[in-house]
Structures are given as structure tokens and as C-alpha cells.
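The structure appears right after this line, and notes come after that.
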Amino acid sequence: MRWHAHRRLSTGSKLGLYDPAPPGALSSTRQMEASLLAVAAPPTNHKGLIFGLDTSTGWIISHDPFFAYGHTVQNPNVCYIGDLGSGKSSAMKTWGLLRPLILGRDIVVLDKKLQKNTGEGEYAPLSRHLGREPIIFRIGGGGSCINILDPRIGTGDQDERNSGSPAGQSMLLRAVTEEALGRPLSPLEGKALRTAHRRALHTATEQGYVATISHVMDALLHPDERDATEVEVTRAELRGWGLEIAFELERLISDDLAGLIDGETSPEVQLGEGLTVFDVSNLPESGPALAIVMTLVNTWLANMLHHRTQSRPTHLLVEEAWHLVRGTVAEVIARNLKLSRALGLSSHFAFHHISDVPEGSTAQAIIKECDTIFIYQQKKPADARAVLEMYDLPASSYLDILKMPTGSCLLKIGSEVPIRARHLRSPTEVTLTDTDAAMKQVRHATG
């Protein structure tokens, strides 16, 4: 019997069965796409690193600052914002570190998170598991040293005038001095510092050694007659211009920064292939040491990449990045960030809150320099509103941010509509990124 669309099975209908349908038309999946209008499109391009799932549609979220550059993002920098325990560190360790390593990229970590049970940073066991000892900084010696006047960091005024290069020695030296003084340098102090810097480099080259900040301090205290003649003052006058900063630098390298920046760069301070961890977890929260060392590492890395003959995508991960965006050193970081695209560097910064970042400050400019934003839970209404305003998010996002479950976030990519995302980790990633104890168990099991 042939069935037609207008005929019904009365018995079947009474029993709750569907009536026979007319025969379907032959077609293809491409032709039938137009009939699936209710099916949501994937939230991201398929190219990139898998992050997790779109909680609204179930689609996989794939994103990578390098693949997305020139399309959905205009710079490769990334910002993670969230309360303690919200899941941002897990995202950094997996999406920002482990997964890019699979692609053969270099990863550099500034590790601030001290683990009291081991006395070292949170990333140290992971670094050893991947075959490299962390580079540890400690006040008073027993750790590594990084030289502000390292020849691998731009040496001379030419670097300072060239906006296409990272911050050089002069800019670093001035930032460190102002950080130590707690105020900007006067014009006379600035001239004395620049003159002493040039004299220290010149003397070191003549005598065949590497200049350090101690040589700058000595040139401030004992200026050369030729330098005084050049600026048409007496040696006593030139010495007077730099006397206060010389004493402050002396205090700095014998107290706050003892053993950290007052010698030649340690041999282990190298940018190796794969993962490189700079462990700054033993540096004190208060005082200038932490901000200065983190800024030095950032600038050293930027100059290493700038002088590379072949570009290689590199990720810089900074936990508790608020140390980098305060004080005078923030200007150095801001300059280096503007060159991220040319350097092939994707900087990842983690913050707890941005509500206390001053409007119009260098810190705010650094945060806004990021085109990929992961927004985790902000329990305080003021913090949630600050994020909402800074990134011009829809008003409906406010409650989402306040009540965001652990491991979930709003992902904002460039000017795209934010995606509510749930981060996914494999069992191996969970083991490698959760705790030191778990990491040690893996080492013992595989050793």
C-alpha cells in the first residue's frame, strides 16, 4: 500500500503512534546545513590549543594567541583574573604551559608561589620532571645573580632611542634607582647616572671585564675628570649630583638586593629549549627586590628574543603579576609588552583583582594590552564591577562573574562576545598541575 501525506492511520493515532510520513528527498549534509538553523555555531576557530567547553552549547573551545593573531586578536598577550582557588593557575599551567610545549614552544615562568613544605616555588617540581633545574634567586647569596649591565641586554643609548627594541640598560638602571629611592630622579641626578653608566662600560671594555652595578656606583662616587670637563663642571659638582643615588645603590646591593644584581650574570641563567623556571618565591613581598628581579628577567628575556636570528614562539608566565605593574618598573614592562608581536612573545599575567588599579596608570595600560582575557570568579561586587567596566562586558556578565564555579570563566577574545567556558584537564595534567605532593609521586613513579 502506498502512503500519502494526507492519509492517517486512525488506529495508530489512537494508540499514540506517529502517522506515516511521506518519503524524504535525497540530499547531502552540505545542502541540509540550511535546515539546522537552531544549532549553535562553534564559539572559536578550530585552530589553536584546546581550552575546554563552551558551557552554553557544549562546543569545544580552541584558542591560541599566535594562531589568532591578525584575526581575532591584535596582540598575543594574555590576562587571567580571579580570586584564590578559582582555577586560573590550573589554566595557566595547562593551556599556557603544558599544551604549548607539545608544539615545541619555549616557556619561561616567573614563579612567585612559595611552597612552605618544600621551601621553593610551585613550578620547581614540574620543571625538574621536564628535565631542567629551576633558576633560584635568594637574597644574601646561595642563588643566581642577574646583571643589569649584562652585555646581552642593550648596551648604550642607541637602544634607548630605538623604540623598536626592548628596554636597555639605561632604562633598567634608571628604573631600579628610582624604585630604590621611591621617587623620580632629578635632571642633575639623571645626568650623573647616565655619565657614570657610560664610564663604567667604557672602563670595563678597556680593561677586559664585564661591568656591574658596583662599577656604576664607583663611577658616581669617583667621577672621571674627562666626564666633568665634558659637562663643564668640576668633579666635585658632578659627584654632588650623584651622591645620594650612589649611597642608595650601595645600600640596595648590600641589603635589599644582596647577591641578586651585584655581580656577573650566573651561568645557569640561560634561555633553554622547552621550560625555563625562574624561582623568585624566596624574595620578600615587601621592598623592591621582587619587582626589580622580575623586571630584570622580563627585560633579559625580551632582549634574548630580540637578538635571535630565528623567531621561536615563546610564552612568559607570571603568577601574582601585580608585582610587575607597580612603581617605576612598570614603565619598563609596558615598553617590552609593546614589542610582543615582533619578539614572538606571548606574556601571560595572573591577577587576583584589578579594582585597585588606578585609572590611567601604567598598570592599567599593561592589563589593557592583553587581547585574551580569562575572567574567573570575583566574590566582591566591587571587583566584579571593575572587571565589567574595564573590558566593557555586557551587564548580564556581572552575576556570572560573582557566582562563577571553580574552573569556569568568561573568556574574552579581542572584541568578540565573551564565552562562558569550562576548563578541562586530562588526568595526567591534573596530576602534574595540582600539588607538589602529586608531582613528587609522579617523579618517583617514573624515575
Side-chain angles (χ1 to χ4, degrees), residues 38-68 72-73 76-103 113 122 126 315 317 319 346 348-354 370-381 383-388 390-435 438:
V39 177
T44 58
N45 192 294
H46 67 282
K47 294 182 179 180
L49 299 163
I50 292 178
F51 175 78
L53 296 179
D54 182 337
T55 58
S56 300
T57 65
W59 277 102
I60 290 176
I61 296 172
S62 296
H63 175 62
D64 177 72
F66 291 104
F67 283 122
T72 53
V73 302
N77 301 312
V78 182
C79 185
Y80 305 76
I81 303 168
D83 290 335
L84 285 170
S86 59
K88 62 183 184 297
S89 290
S90 295
M92 287 186 76
K93 290 176 184 174
T94 51
W95 182 81
L97 191 158
L98 290 173
R99 295 173 191 177
L101 281 175
I102 298 172
L103 301 179
K113 290 188 170 182
E122 186 177 289
L126 179 58
H315 293 221
L317 273 59
E319 294 270 13
S346 174
H348 296 230
F349 301 111
F351 297 93
H352 296 314
H353 312 294
I354 60 171
C370 302
D371 259 5
T372 301
I373 317 295
F374 293 93
I375 304 168
Y376 288 82
Q377 186 185 53
Q378 299 278 273
K379 295 178 182 179
K380 295 181 179 179
D383 295 328
R385 282 192 292 269
V387 173
L388 207 70
M390 176 167 286
Y391 298 112
D392 195 24
L393 299 175
S396 57
S397 301
Y398 174 70
L399 289 179
D400 285 338
I401 297 170
L402 280 176
K403 300 180 179 180
M404 192 71 68
T406 299
S408 294
C409 65
L410 283 180
L411 169 57
K412 190 174 189 304
I413 303 172
S415 59
E416 301 289 316
V417 175
I419 307 163
R420 182 161 179 166
R422 180 163 59 89
H423 179 48
L424 297 180
R425 293 182 292 168
S426 69
T428 301
E429 288 175 329
V430 171
T431 303
L432 291 174
T433 62
D434 264 357
T435 64

task = Could you tell me whether the side chain of Gln378 and the main chain of His352 form a donor-acceptor pair under 3.5 Å?
result = yes

request  = Report yes if the side chains of Ile60 and Ile50 come closer than 4.5 Å at any heavy-atom pair, otherwise no.
outcome  = yes

ask   = Going by atom types alone, do Lys380 and His353 pair a side-chain donor with an acceptor below 3.5 Å?
value = no

message = Minimum heavy-atom separation for Ser346 and Pro76, please, with both atom names.
response = OG-O, 2.6 Å

message = Run the side-chain contact (heavy atoms from CB on, under 4.5 Å) test on Leu98 and Leu126 for me, step by step, so that the C-alpha distance in whole Å, both residues' side-chain angles and the decisive distance to 0.1 Å come before the verdict.
response = CA-CA 10 Å; Leu98 290 173; Leu126 179 58; 4.3 Å; yes

task = Would you check if the side chain of Asp64 reaches a backbone N or O of Phe67 as a donor-acceptor pair within less than 3.5 Å?
result = yes

note = Tightest non-hydrogen contact, residues Arg425 and Ser90, listed as NH1-OG, 3.5 Å

Side chain proximity check, Cys79 to Ile373, heavy atoms < 4.5 angstrom = yes

ask   = Are Ile354 and Tyr391 close enough that some pair of their side-chain heavy atoms sits under 4.5 Å apart?
value = yes

ask   = Roughly how far, to the nearest 0.5 Å, is OH of Tyr80 from OH of Tyr376?
value = 7.5 Å

query = Roughly how far, to the nearest 0.5 Å, is NZ of Lys412 from CG of Asp392?
reply = 7.5 Å

Heavy-atom side-chain contact between Leu97 and Met92 under 4.5 Å = no

request  = Write down the atom of Ala68, the atom of His63, and the distance for their closest heavy-atom approach.
outcome  = CB-CE1, 3.5 Å

inquiry  = We want to know whether Lys113 and Ser89 form a side-chain donor-acceptor pair, criterion being a heavy-atom distance below 3.5 angstrom.
reply    = yes

message = Nearest 0.5 angstrom please: Ile81 CD1 to Gln377 CD, how far?
response = 14.0 Å

request  = Output yes when a side-chain donor or acceptor of Thr55 lies under 3.5 Å from a complementary backbone atom of Ala421, and no otherwise.
outcome  = no

ask   = Does any non-hydrogen side-chain atom of Phe51 lie less than 4.5 Å from one of His423?
value = yes

inquiry  = Are Leu410 and Ser397 packed together at the side-chain level, in the sense that at least one heavy-atom pair is separated by less than 4.5 angstrom?
reply    = yes

task = Would you check, one step at a time, whether the test salt bridge (charged side-chain N to carboxylate O under 4.0 Å, His left out) holds for Asp54 with Arg420?
result = CA-CA 6 Å; Asp54 182 337; Arg420 182 161 179 166; over 6 Å; no

request  = Report the C-alpha separation of Ser62 and Leu49 in whole Å, then their side-chain angles, then the decisive distance to 0.1 Å, and conclude whether the side-chain contact (heavy atoms from CB on, under 4.5 Å) test is met.
outcome  = CA-CA 5 Å; Ser62 296; Leu49 299 163; over 6 Å; no

note = One should read off an interatomic distance between His348 NE2 and Cys370 SG, to the nearest 0.5 angstrom, of 9.0 Å

request  = Could you go through the side-chain contact (heavy atoms from CB on, under 4.5 Å) check for Leu393 and Ile401 one step at a time?
outcome  = CA-CA 11 Å; Leu393 299 175; Ile401 297 170; 4.0 Å; yes

remark   = Closest heavy-atom pair, Thr406 versus Gly85, reported as atoms and distance to 0.1 Å, is CG2-O, 3.3 Å

request  = Name the orientation class of the two ring planes belonging to Phe374 and Trp95 (parallel below 30°, tilted from 30 to 60°, perpendicular beyond 60°).
outcome  = perpendicular

Intermediate values then yes/no, ring pair (Phe, Tyr, Trp, His ring centres under 6.0 Å), Phe66 and His315 = CA-CA 10 Å; Phe66 291 104; His315 293 221; 5.7 Å; yes

message = Could you tell me if Arg99 and Thr94 have a donor-acceptor pair between their side chains, going purely by distance under 3.5 Å?
response = no

salt_bridge(Lys93, Glu122) N-O dist < 4.0 Å = yes

ask   = Does the side chain of Leu402 come within less than 4.5 Å of Lys379's, by heavy atoms?
value = no

Nearest heavy atoms of Leu388 and Ala395, plus distance in Å = CD2-CA, 4.4 Å

Side-chain heavy-atom pair Ser86, Met404 within 4.5 angstrom cut-off = no

Straight-line distance of Leu411 CG to Glu416 CD, nearest 0.5 Å = 10.5 Å

